[in-house]
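As structure tokens, the structure follows; a few thoughts come after it.
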Amino acid sequence: MLHKNIGINKEGRLTFAGMDVVSLAEKYGTPLMLLDEDRIRENIRVYKKAMTENFGEGCFPLFASKALCFKGVYRIAKEEGIGMDAVSVGELYTAEAAGFDLKKAYFHGNNKTDADIAFGVEHGVGTFVVDNADELLALDKHLEKVGKKQRILLRISPGIDPHTFQAVVTGSVDSKFGTPIATGQAEEITRLALSLKNVELVGFHCHVGSQIFDHEPFVDAADIMLRFIAYIRAQTGFTAKELNLGGGLGVRYVESHPHIDYAEVIGEMAAVIKARAAEIGIELPKMVLEPGRSLVADAGMTLYTVGSVKTITGYKNYVSIDGGMPDNPRFALYQSPYTVYNASRAAEEADFPCSVVGRCCESGDIIQENVVIPRPQRGDTVAVAVTGAYNYSMASNYNRIPRPLILLISGGKEKVAVRRETNEDMIANEV
Ligand SMILES: *Cc1c(COP(=O)(O)O)cnc(C)c1O
């Protein structure tokens with residue numbers, strides 16, 4: 001199976017986190033988002049252990065909120081003792097509402113508004129990751145006004161192509177994110193930060209991209225960042241105490257993707273990074289990683305009910321489901337691969353090639369093309385695996401379709417973590 005939390009029971013139905021998904025679909029309705037809480041905790045523990053062992057005590061991952069945002073996920077992060085990063089007041093607000101201490105929050109974003117800055121400072125966000133000089137000056141000005149100090153990192157673009165898909169490459173020089181080293185602007189913004197009295201610069205951040213399957217892009221980025229740290233030390237006397245390498249470790253969405261052992265990748269990453277730091281002659285700063293996808297993606301599965309099944313004679317088969325781009329826009333956005341199961345007939349022969357499509361008035365409303373599953377009938381449950389990241393957080397109400405319900409599954413028991421959105425919810429703000 002694709003992941004160890006997916007199986008087939010003796011009734012020939014698909015199971016997820018040990019539960020019969022067809023029964024869950026019948027009980028809670030579809031579209032239904034399942035989240036394997038035990039899996040999320042396990043993923044977090046793998047990261048935490050590997051980071052402590054390889055980078056030292058006090059090194060822990062920050063959960064990247066953009067991958068999945070609702071109160072329940074921050075309760076888990078809090079209980080597991082990790083941090084989080086956010087790019088909006090909404091994400092910070094949700095974490096705070098869940099009882100998450102924002103001291104452990106990192107506030108990202110290439111365009112923090114004045115209101116965002118004020119909210120972050122007022123709510124005690126531990127670290128601002130400042131993207132550019134404009135923001136730095138606005139933050140300092142606000143801090144001056146309210147008489148506070150703020151711990152900050154500077155987001156630097158190392159100029160790396162992490163050999164990944166263009167839409168998710170963010171660390172290269174020509175990017176809306178961060179301040180590039182190559183143009184000399186990273187040094188300028190560092191000098192500026194050091195000259196301001198209300199911000200406390202502790203180090204640097206970079207994020208090279210997403211869905212990266214090996215340690216190399218991280219090591220390349222770390223190498224550039226460590227050299228930059230050494231250069232800044234030589235020029236200004238400032239020694240960075242923290243280096244945040246961002247997120248981006250990949251996830252196995254389909255059988256052709258490799259299994260990734262995160263502990264092993266972090267171990268390999270750490271070995272090279274430590275050796276480089278020694279070569280360059282600097283003490284290894286406190287290392288931080290910001291995984292999003294790799295903490296939650298394989299903990300998710302989305303269930304749908306099959307509606308019409310049709311064959312366009314001479315072309316192909318279409319299986320229409322009762323969700324689509326409103327709950328999972330990732331194929332429509334960037335042709336993301338997914339594994340699709342006919343959960344009702346999981347043990348039957350997969351002999352029906354088809355496109356699995358949503359219900360929106362949009363021909364791009366596709367969940368996956370060219371899949372081969374056991375021939376579905378109206379009423380069957382279809383499952384799409386590895387939907388824990390960038391599905392619920394990217395969901396919309398396009399075509400006025402309510403967002404799905406989220407069920408958290410732990411120890412073979414399920415509980416509703418997010419209620420199904422209703423038609424009333426969707427018109428609640430309309431006057
Ligand atoms: C997107 C992003 C992450 C998380 O990336 P994943 O690929 O989900 O691990 C972390 N940090 C920053 C700054 C990001 O933009």
Side-chain angles (χ1 to χ4, degrees), residues 40 43-44 46-48 50-51 60-69 73 77 82-88 91-92 95 104-112 116 120 125-132 135 152-158 160 162-172 175-180 203-215 217-218 221-222 225 242-253 257 260 262 265-266 269 287-300 328 330 333-334 336-337 386-394:
I40 298 178
N43 289 339
I44 291 175
V46 166
Y47 261 93
K48 217 179 151 187
M51 288 181 68
F60 53 77
L62 310 177
F63 171 62
S65 291
K66 71 177 186 205
L68 178 65
C69 181
V73 81
I82 61 165
M84 67 86 117
D85 78 35
V87 286
S88 71
E91 289 172 349
L92 293 170
K104 278 186 154 172
Y106 283 60
F107 195 3
H108 278 290
N110 65 302
N111 186 19
K112 298 180 192 75
D116 293 346
V125 166
T127 310
F128 270 62
V129 183
V130 175
D131 182 272
N132 55 69
E135 180 192 330
I152 67 162
L153 297 179
L154 293 173
R155 178 160 180 169
I156 302 300
S157 35
I160 293 265
H163 335 286
T164 177
F165 188 66
Q166 202 55 41
V168 288
V169 173
T170 50
S172 52
S175 163
K176 75 165 185 167
F177 297 106
T179 305
F204 301 103
H205 169 279
C206 67
H207 172 76
V208 285
S210 277
Q211 195 58 352
I212 299 166
F213 286 107
D214 63 71
H215 64 277
F218 294 95
M225 296 298 284
E242 186 170 319
L243 175 57
N244 180 330
L245 290 182
L249 274 175
V251 164
R252 186 167 199 253
Y253 285 98
H257 288 162
I260 311 169
Y262 299 111
V265 177
I266 292 168
M269 206 189 278
M287 300 295 297
V288 179
L289 296 173
E290 301 175 323
R293 185 191 311 269
S294 52
L295 292 184
V296 294
D298 65 2
N328 182 357
R330 294 193 68 250
L333 273 176
Y334 24 66
S336 301
V386 197
T387 55
Y390 305 107
N391 274 232
Y392 186 74
S393 63
M394 284 188 164

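Each ligand, and each atom within it, is numbered from 1 in the order the structure gives. No hydrogens, no waters, no symmetry mates; every other heavy atom, side chains included, goes into these values.
- For ligand 1, the polar-atom distance check against Glu290 finds a nitrogen or oxygen pair separated by under 3.5 Å.
- When non-hydrogen atoms are compared, ligand 1 lies under 4.0 Å from the backbone of Pro291 (N, CA, C, O) but not from its side chain.
- Atoms of ligand 1 found under 4.0 Å from any heavy atom of Ala64 (numbered from 1 in listed order, with element): 3 (C), 4 (C), 10 (C).
- With no hydrogens or angles considered, a side-chain donor-acceptor pair links Ser294 and Tyr47 at under 3.5 Å.
- Between Ile44 and Phe63 the shortest side-chain heavy-atom distance does not fall below 4.5 Å.
- Separating the CZ atom in Phe107 from the CG atom in Leu153 is a distance of 14.0 Å, to the nearest 0.5 Å.
- Contact annotation for Phe177 and ligand 1: no heavy atom of the residue comes within less than 4.0 Å of the ligand.
- Taking the six-membered ring wherever Trp is involved, the centroid distance between the rings of Phe177 and His108 does not fall below 6.0 Å.
- Close approach of ligand 1 to Ser210 is summarised as follows: ligand atoms under 4.0 Å from at least one heavy atom of the residue are 5 (O), 6 (P), 7 (O).
- Under a 4.0 Å criterion applied to the non-hydrogen atoms of Arg293, ligand 1 contributes the atoms 6 (P), 7 (O), 8 (O), 9 (O).
- When side chains are defined from C-beta on, Met84 counts as touching Leu92, because their heavy atoms get closer than 4.5 Å.
- Proximity of His207 to ligand 1, defined as any heavy-atom pair under 4.0 Å, is confined to the side chain (atoms from C-beta onward).
- Residue contacts with ligand 1: Arg155 is placed with no nitrogen or oxygen under 3.5 Å of a nitrogen or oxygen of the ligand (distance criterion only).
- Distance check, rounded to the nearest 0.5 Å: OG1 of Thr127 to CG of Leu62 gives 8.5 Å.
- In terms of N/O distances under 3.5 Å, ligand 1 is approached by Tyr390.
- Results of the side chain to side chain contact (heavy atoms under 4.5 Å, CB included) test with Leu245 over His205, His207, Met287 single out Met287 as the only residue that passes.
- In this structure, Arg252 contributes its side chain and His257 its backbone to a donor-acceptor pair below 3.5 Å.
- Only the side chain of Asp85 comes within contact range of ligand 1, with a heavy atom under 4.0 Å; no backbone atom does.
- For the 3.5 Å distance criterion, the side chains of Asn110 and Asp131 fail to qualify, holding no donor opposite an acceptor.
- Numbered from 1 in the order shown, with element, the atoms of ligand 1 that lie under 4.0 Å from a heavy atom of His205 read 13 (C).
- Residue-ligand proximity: Gly248 is placed with a non-hydrogen atom under 4.0 Å from ligand 1.
- At a 3.5 angstrom cut-off on N or O pairs, Lys66 counts as close to ligand 1.
- For Gly292, a nitrogen or oxygen atom sits less than 3.5 Å from a nitrogen or oxygen atom of ligand 1, counting backbone and side chain alike.
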